There are 2 protein chains.
Amino acid sequence: MQRVTIADVARRAGVSTATVSRALSGGRKVSADVADRVREAAQELGYAVNPIARALRVSRTDTVGMVVPSIRNPFFTALVESVEHALGADGKELLLCDAQSDPVTEARRLDALVTRNVDGIIVSPCHGTDSTPAVQRTAERLPLVQLDRFVGGTSTDWVGVDDIAAMRAVVEHVREGGARSAAYLGARLTNSSSELRHAGFLRHAEELDLETGPQWTLLGDYSVEWGERAVGLLADSGRLPEALVCADDLIALGAVRACRTRGITVPDRMQVTGFDNIEFTRLAEPPLTTVDQPTRRIADEAVRLLADAAGDGPAARDAAHVALVPKLVVRDSTRTG
Amino acid sequence: MQRVTIADVARRAGVSTATVSRALSGGRKVSADVADRVREAAQELGYAVNPIARALRVSRTDTVGMVVPSIRNPFFTALVESVEHALGADGKELLLCDAQSDPVTEARRLDALVTRNVDGIIVSPCHGTDSTPAVQRTAERLPLVQLDRFVGGTSTDWVGVDDIAAMRAVVEHVREGGARSAAYLGARLTNSSSELRHAGFLRHAEELDLETGPQWTLLGDYSVEWGERAVGLLADSGRLPEALVCADDLIALGAVRACRTRGITVPDRMQVTGFDNIEFTRLAEPPLTTVDQPTRRIADEAVRLLADAAGDGPAARDAAHVALVPKLVVRDSTRTG
DNA sequence: CGCGGAGAGGTAAACGATTGCAGCGGGTAA
DNA sequence: TTACCCGCTGCAATCGTTTACCTCTCCGCG
């Protein structure tokens with residue numbers, strides 16, 4: 001499979017393999033003419049270094065692993081794309097895994113990545129507590145940074161957005177739009193961002209005197225279907241609030257759709273907000289007001305942290321928590337002024 | 001990083017490394033008690049085989065590479081997920097690359113995958129001719145199967161849908177819905193599926209006496225923006241057709257949206273169809289009639305072909321072209337009866 | 001009693017790169 | 001002239017497995 005080896009190049013250039021290696025990867029000085037000869041020979045033979053052999057020797061693969069809860073969720077897709085982009089600059093490759101929203105497969109993926117000697121791992125854990133052991137164990141062996149969500153009981157690098165601040169912006173906005181009450185359509189509080197967004201909503205709703213209530217707090221999962229169903233539950237249960245604050249865009253898309261089919265006008269009778277700013281929020285009817293996640297920034301920070309951590313051993317530094325402040329994107333699913 | 005090696009296990013179990021290897025990977029018979037001792041020792045030490053060393057030795061990585069034009073396109077995301085799923089069954093890993101719709105990066109990605117000794121490559125080439133050299137070169141060195149699209153001038157395995165048949169179903173459907181004329185909103189004919197869908201549309205439109213015309217054939221790229229813009233062009237240019245047949249769902253979503261904003265009612269004044277059946281077609285207003293791509297089947301076939309090809313050398317077999325017949329999914333953006 | 005064959009285990013050579021160490025000129029200082 | 005240093009090279013070890021080949025033992029059979 002790997003046709004031409006360093007020995008072939010060495011033979012052709014009339015030098016030793018050591019010299020070839022040094023000439024090509026520039027480990028140490030090589031005289032100019034020898035270097036030229038080597039480069040030429042390599043060129044002619046079409047030599048390319050075998051990354052497997054190199055990896056075995058130097059135990060570095062120039063590959064980072066990434067594990068996301070679900071590749072179907074466009075938010076994570078955007079994140080993946082951004083990470084890929086950021087890594088490209090460093091000449092690193094991405095090994096992508098999908099945890100299928102299941103801590104068990106997630107753990108399996110993480111282990112696989114570790115034994116594959118990736119240089120670092122970027123993970124958005126799917127569960128706030130069930131994911132802890134695997135993440136912990138992995139972080140002890142490799143540089144690891146958590147993205148967007150983080151698990152309890154570990155101290156690793158993390159980068160994401162300030163969910164509380166984001167929710168403040170959302171609540172203020174619907175309040176200004178005239179809403180006096182709001183329901184929260186979220187996901188079960190099994191991970192950090194679900195918790196924080198929920199907490200942020202409650203806190204700021206209270207502060208800003210927005211009526212809420214337990215019967216107006218519906219927790220399911222991050223999916224369009226849940227958004228639709230939640231609105232059904234709400235409608236069946238009596239009084240409707242004046243706003244629906246959703247924990248992510250999928251839920252919000254479902255909610256908007258359900259409102260339409262039930263003749264609840266958005267935003268006049270009901271304001272709806274999302275979270276993440278995935279591409280399709282633009283296309284909803286009406287286009288969705290949502291919170292923009294700066295995936296580019298998040299990814300950049302993550303690979304920076306990973307690179308930093310690669311210098312020191314794992315867990316040699318204090319963990320960094322980078323929380324970016326996201327911006328509200330106002331569209332037509334809420335009222336302005 | 002890789003703490004415990006096969007030698008440690010051997011020492012602990014009081015046998016040679018060869019025996020350990022045989023006991024664990026079952027290459028040859030090992031007496032039961034020795035096997036037990038080895039397994040136990042491995043267990044206690046927490047031994048896991050180093051895939052890098054193994055790969056170097058056997059030149060097989062249990063990894064397949066996949067290159068998609070754009071990970072942002074939900075259709076490819078779905079494909080990736082399906083491939084990942086299909087590979088999981090074989091205990092293989094997926095190395096995912098995004099070509100960013102650029103043949104140059106695509107070529108770079110392919111080369112990177114080759115030197116990384118992946119066992120096979122699944123690629124959906126981004127360009128029908130510019131992608132040829134890289135795909136060709138790669139296919140000569142590794143099992144390779146093209147997905148969805150294929151490039152000209154090579155003979156590799158391919159699996160996708162029968163675009164012509166799909167278009168026949170689409171055209172028949174809008175015809176039955178009463179449309180006497182239709183525009184085609186597609187992508188520039190730089191790849192096979194763009195070409196085939198376009199050709200299929202024209203052929204069957206003619207057969208079924210659906211009026212078309214050059215001014216009603218608008219070619220851009222696979223994006224929502226293009227769909228919106230194309231409708232604008234159409235509207236500005238005079239007479240409107242009675243149907244818009246779109247080359248993919250993104251274009252169709254844009255088209256539907258543009259119709260709405262211009263007061264062109266869908267499906268009464270204008271029928272619109274998509275292609276791919278991405279998740280968000282359900283959410284459009286109205287929900288989109290589209291062609292369902294059986295991504296699961298496609299992925300299964302692809303990994304099967306890859307596995308077959310791994311047995312023989314590359315290019316030892318005749319290439320297989322597997323075209324699945326997709327189903328039309330009728331929703332509310334077209335008229336029925 | 002000898003021989004052949006099977007079954008189990010060990011020895012050591014790969015796989016293809018990187019790199020510590022040593023050798024070897026040649027230049028410089030004493 | 002000698003001693004030393006410095007800059008290039010080459011030798012060979014090394015990373016952790018797998019596997020071809022060899023050895024040893026045991027058993028059955030003629």
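Just so we're clear, the structure is a prediction, and the values are computed from it rather than from any experiment. Chain letters run A, B, ... following the sequence lines, proteins first, then strands; residues in each count from 1.
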### Task
Output every pair passing salt bridge (charged side-chain N to carboxylate O under 4.0 Å, His left out) with a member in residues 69-92 of chain A, not counting sequence neighbours, ordered by first then second residue.
A:Asp62-A:Lys92, A:Arg72-B:Glu81, A:Glu81-B:Arg72, A:Glu84-B:Arg109, A:Lys92-A:Asp119
[X] [atom1] to [N] [atom2]: how many Å, rounded?
X	N	atom1	atom2	result
A:Asn117	D:dT17	CG	C1'	13 Å
B:Arg60	C:dC15	CZ	C1'	14 Å
B:Ile6	C:dG10	CD1	C1'	13 Å
A:Arg11	C:dG16	CZ	P	12 Å

### Query
What pairs meet the ring pair (Phe, Tyr, Trp, His ring centres under 6.0 Å) rule with one or both residues in residues 84-138 of chain A, with sequence neighbours excluded?
none
### Message
My understanding is that only residues two or more places apart in sequence, or in another chain, count here; which of them pass salt bridge (charged side-chain N to carboxylate O under 4.0 Å, His left out) with B:Arg22?
### Response
none
### Residue list, salt bridge (charged side-chain N to carboxylate O under 4.0 Å, His left out) with B:Arg12, at least two apart or on another chain
B:Glu44
## Note on the structure
A:Phe150 meets the ring-ring contact (aromatic ring centres under 6.0 Å, His included) criterion, sequence neighbours left out, with A:Trp158
### Message
Within the 4.0 Å limit for protein heavy atoms, which parts of nucleotides 8-15 of chain D are touched? Write it as a string from 5' to 3', B for base, S for sugar-phosphate only, - for none.
### Response
SBBB-BBB
### Message
If I compare all heavy atoms of A:Val20 with all of A:Ala10, which pair ends up nearest, and what's the gap?
### Response
CG2-CA, 3.5 Å
